Amino acid sequence: MPSMHALANPARFLRFSARVLPWCAGLTAVLLVVGLYLALVQTPPDYQQKETVRIMFVHVPSAWWSMAGYGLLAVLGASLLVWRHPLAALMARAAAPVGAGYAFVCLATGSLWGRPMWGTWWVWDARLTSMLLLFFLFLGHIALSRAFDEPERGDKAAAILGLVGALNLPIIKFSVDWWNTLHQPASVVKLGGPAIHPTILVPLLVMAAAMLMLFVTLVLLRTETEIGRRRLEAAAMAGG
Amino acid sequence: MSGFLALVGRDLRLAWRRPGDAALVLAFFLLAASLFPLGVGPEAQLLARIGPGVLWVAALFAGMLSLDRLFADDFADGSLELLALGAAPLELVALAKCVAHWLTTGLPLAILSPALALLFNLDGPSAAVLTLALALGTPSLSLLGGLGAALTLGARRGGALLALLVLPLMVPVLIFGVGAVEALAAGEGVATHMALLGAFLLVALATTPWAMAAALRQALE
């Protein structure tokens with residue numbers, strides 16, 4: 001595994017990515033098949049929520065990885081600003097829409113789940129609201145990085161925004177929690193072990209791994225595309 | 001420090017010579033807030049219930065109006081480049097611009113808010129808390145807005161983009177600001193909310209000038 005600084009070189013990254021990408025894609029497929037089988041067939045329906053509990057197996061992982069995705073944007077932003085890694089900018093460009101997509105999936109599945117559970121499509125519950133704000137933060141990052149005629153300027157502006165957003169995100173989360181709490185309290189990560197039964201926890205973790213690998217695969221693939229696009233633009237400029 | 005004050009004074013003089021700009025912001029605030037009773041109906045109870053939230057949101061939007069010009073005028077005529085070359089660090093320049101922005105927008109909005117509180121049937125103590133909360137919260141809005149203005153300097157479609165960037169970041173100020181008035185109505189103390197507004201302002205003061213200066217340097221490259 002090459003170090004982060006070695007991978008800042010786009011040519012080296014492309015070689016690394018070409019080797020890793022098939023494995024990531026394959027692992028994603030296997031984990032998705034296993035995870036979906038466990039989640040949709042193997043797991044018994046919940047005694048209260050019936051079949052709708054299965055939405056959780058997509059809803060919860062997409063929430064986790066969209067939050068981690070914003071963290072990734074902040075790390076990439078810092079490495080662009082501190083070490084001027086050319087690749088960090090391209091990867092942030094590639095990762096932001098994927099993170100926004102995950103946040104959207106989380107919101108959409110939350111809404112579909114809310115309809116039978118709460119009897120309404122949308123509840124201004126603390127966690128749904130934080131996720132909506134996270135979705136807006138992703139949209140702002142995407143819009144800012146594409147708002148300039150020179151792409152480098154957009155990359156750096158978006159890097160600063162990503163850092164400030166990551167700093168502000170816990171404050172936003174705290175304020176929204178303060179504002180309203182109606183959702184059930186967190187039940188997977190908590191002191192004294194998980195409060196959910198292994199028949200549900202195992203499929204959830206497999207689905208979480210599958211969606212993580214999907215995230216990694218998409219980001220690697222989109223980064224390759226971004227490198228290709230920059231090279232085409234550079235070639236077009238050089239060729240006049 | 002003298003450079004800082006000179007910069008604030010310069011921006012205030014510029015604003016004073018074009019009083020229409022600041023007046024426009026206040027007029028927007030007044031208009032936006034008075035459209036709500038037309039939209040939701042004139043029941044005094046309902047208006048008193050939603051008043052603090054409506055006034056805060058209207059203040060948020062009104063503050064947005066003048067933001068896109070915060071650095072753009074100086075950027076266009078080259079004076080921003082001179083300021084960046086000058087003795088004062090760019091962080092201080094950015095902070096001075098935000099202070100001037102607050103003095104010409106946030107502070108007048110806070111001063112005007114008791115009059116609007118009357119329109120929404122808020123009682124005296126609520127109006128006083130609302131005014132204090134606006135006075136303590138709007139500096140944070142100017143700082144975050146200044147960051148947005150610095151980031152979008154030279155961007156296409158600056159105005160709408162600026163709102164998309166900055167409004168989600170301003171959510172805590174909105175929540176604590178409205179919460180202060182609601183805590184008073186619920187019979188709790190307002191000190192917690194005010195302390196949180198103050199804490200947010202301190203964090204914004206400690207972080208945004210650096211981010212603004214970094215963004216301005218990129219724009220000037």
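Here is how names work: the chains are called A, B, and so on, in the same order as the sequence lines, proteins then strands, and each is numbered from 1. Note that the structure is predicted; figures quoted are calculated from it, not measured. What's counted below: heavy atoms across the whole structure, side chains too, no hydrogens, waters or symmetry copies.
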* What do you reckon, is CZ of Phe135(A) surrounded by more than 12 foreign heavy atoms closer than 6.0 Å? ->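 Yes, CZ of Phe135(A) has more than 12 neighbouring heavy atoms, counting only those of other groups under 6.0 Å.
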* To do: Take atom CZ of Phe104(A) as the centre, draw a 6.0 Å sphere, and report whether it contains more than 12 heavy atoms from other residues, nucleotides or ligands.
  =>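 Check fails, neighbour count at 12 or below.
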* **Closest non-hydrogen atom pair between Ser175(A) and Pro172(B), with its separation** =>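 Smallest heavy-atom distance, with atoms named: OG-CA, 3.6 Å.
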* Please look at Leu196(B) and chain A and tell me whether the side chain, the backbone, both or neither of the residue comes under 4.5 angstrom of a heavy atom of that chain. =>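 For Leu196(B), the contact with chain A is made by the side chain alone.
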* Relative to chain A, which segment of Leu169(B) carries a heavy atom at a distance below 4.5 Å: side chain, backbone, both, or neither? ->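 Contact with chain A is through both the backbone and side chain of Leu169(B).
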* If you count heavy-atom pairs under 4.5 Å between each of Val171(B), Leu167(B), Val166(B) and chain A, which one has the most? ->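 Ranked by contacts with chain A, first place is Val171(B).
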* Asked: Tell me, side chain or backbone of Leu134(A) under 4.5 Å from chain B's heavy atoms, or both, or neither?
  ->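 Neither part.
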* Asked: Does anything in residues 144-152 of chain A get under 4.5 Å of chain B by heavy atoms, and if so which residues?
  ->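 Result: Leu144(A), Arg146(A), Ala147(A), Phe148(A), Asp149(A).
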* Using a heavy-atom cutoff of under 4.5 Å, enumerate the residues of residues 156-171 of chain A that contact chain B, numbered in order, or state 'none'. =>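 Within residues 156-171 of chain A, near chain B: Lys156(A), Ala157(A), Ile160(A), Leu161(A), Val164(A), Gly165(A), Leu167(A), Asn168(A), Ile171(A).
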* **Contact listing (chain A partner; residues 208-221 of chain B; heavy atom under 4.5 Å)** =>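 When heavy atoms of chain A are the reference, residues 208-221 of chain B contributes Ala211(B), Ala214(B), Ala215(B), Gln218(B), Ala219(B), Glu221(B) within the under-4.5 Å range.
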* **Residues in residues 139-156 of chain B near chain A [non-hydrogen atoms, under 4.5 Å]** =>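 Leu147(B), Ala150(B), Leu151(B), Thr152(B), Leu153(B), Gly154(B), Ala155(B), Arg156(B) fall under the 4.5 Å cut-off.
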* **Separation of Phe200(B) CZ from Phe174(A) CZ (nearest 0.5 Å)** =>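 Rounded to the nearest 0.5 Å, the CZ-CZ separation comes to 12.0 Å.
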